[in-house]
Each structure stands twice: as structure tokens, then as C-alpha cells.
Amino acid sequence: MRFEKGSVKHLIISIVLTIIFGFIIFPLLDWLLALFSKNAFQYSVKEHIISPLIICPPVAIVCWLFDRRKAKKK
């Protein structure tokens, strides 16, 4: 199944995938920083669930806008 760049379906898929990657990347980076700083890794809902839910959708929307602009030029 193909989605046209710049379509609403593409935006929804982009937001969902970006949030999923955020759920993976945020704790992973904190864990790596804890390894190098010799601190204990502590999982928190605010830092590893709520932060990706707040940060990732705007990032996906900005990327979608750039893709939409490129798709219109072609």
C-alpha cells in the first residue's frame, strides 16, 4: 500500500511512527547517558511516555510539511 507524500494518510502514519520511535529512542538515550555518567537508569512516565507524546507529533508535522512542499514542486 502506497501513500502519496503530502496526503492526510501520510501525515497520520508519520505521526504514529514518530511516536513509536520516540517511545524507543527516549528511554534508550537516557539509558546510554546513565551508562556513561555512572548514574542509575530510572524509568519515569513523564520523561519516557509523556515527553514523546508532546515532542514527536510537531516533529512529524514539520517533516510532513517539507514532504508536502517537495511533492507539490514535482
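Here the structure is a predicted model, which means the values were calculated and not measured. Hydrogens, waters and symmetry mates play no part in the numbers below; they use all other heavy atoms, side chains included.
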*Asks:* What are the two closest non-hydrogen atoms of A60 and T18, and how far apart are they?
*Replies:* CB-OG1, 3.5 Å
*Asks:* Return yes if some donor-acceptor pair links the side-chain N/O of S51 with the main-chain N/O of K46 below 3.5 Å, else return no.
*Replies:* yes
*Asks:* Quick check for you: to the nearest 0.5 Å, what is the distance between D30 atom CG and I25 atom CD1?
*Replies:* 11.5 Å
*Asks:* Minimum heavy-atom separation for A40 and A34, please, with both atom names.
*Replies:* C-CB, 4.3 Å
*Asks:* Hey, is the main chain of S7 close enough, under 3.5 Å, to the side chain of W64 for a donor-acceptor pair?
*Replies:* yes
*Asks:* Does atom CZ of F21 have more than 12 heavy-atom neighbours, drawn from other residues, nucleotides or ligands, at distances under 6.0 Å?
*Replies:* no
*Asks:* Could you tell me the separation between the CZ atom of R68 and the NE2 atom of H10, rounded to the nearest 0.5 Å?
*Replies:* 12.0 Å
*Asks:* Does I15 belong to the same Ile/Leu/Val/Met/Phe/Trp/Tyr cluster as V8, with side-chain heavy atoms less than 4.5 Å apart forming each link?
*Replies:* no
*Asks:* With the 4.5 Å side-chain cut-off for hydrophobic clustering, are I20 and V59 part of the same group?
*Replies:* no
*Asks:* Report yes if some heavy atom in the side chain of L35 is under 4.5 Å from a heavy atom in the side chain of L32; otherwise report no.
*Replies:* yes
*Asks:* Compare every heavy atom of P27 with every heavy atom of G22, then report the nearest pair and how far apart it is.
*Replies:* O-CD, 4.0 Å
*Asks:* Under a single-linkage definition using a 4.5 Å side-chain heavy-atom cutoff for Ile, Leu, Val, Met, Phe, Trp and Tyr, are I54 and I24 assigned to the same hydrophobic cluster?
*Replies:* no
*Asks:* Can you hop from I55 to W31 via hydrophobic side chains spaced under 4.5 Å?
*Replies:* no
*Asks:* Does one hydrophobic cluster hold both I49 and L29, with members joined at side-chain heavy-atom distances below 4.5 Å?
*Replies:* no
*Asks:* Answer yes or no: is there a side-chain heavy-atom contact under 4.5 Å between C56 and I19?
*Replies:* yes
*Asks:* Can you name the closest pair of heavy atoms from F23 and H48 and give their distance?
*Replies:* CD2-O, 3.8 Å
*Asks:* Name all residues meeting the ring pair (Phe, Tyr, Trp, His ring centres under 6.0 Å) criterion together with F36; count only those two or more places apart in sequence or in a different chain, and write none if there are none.
*Replies:* none
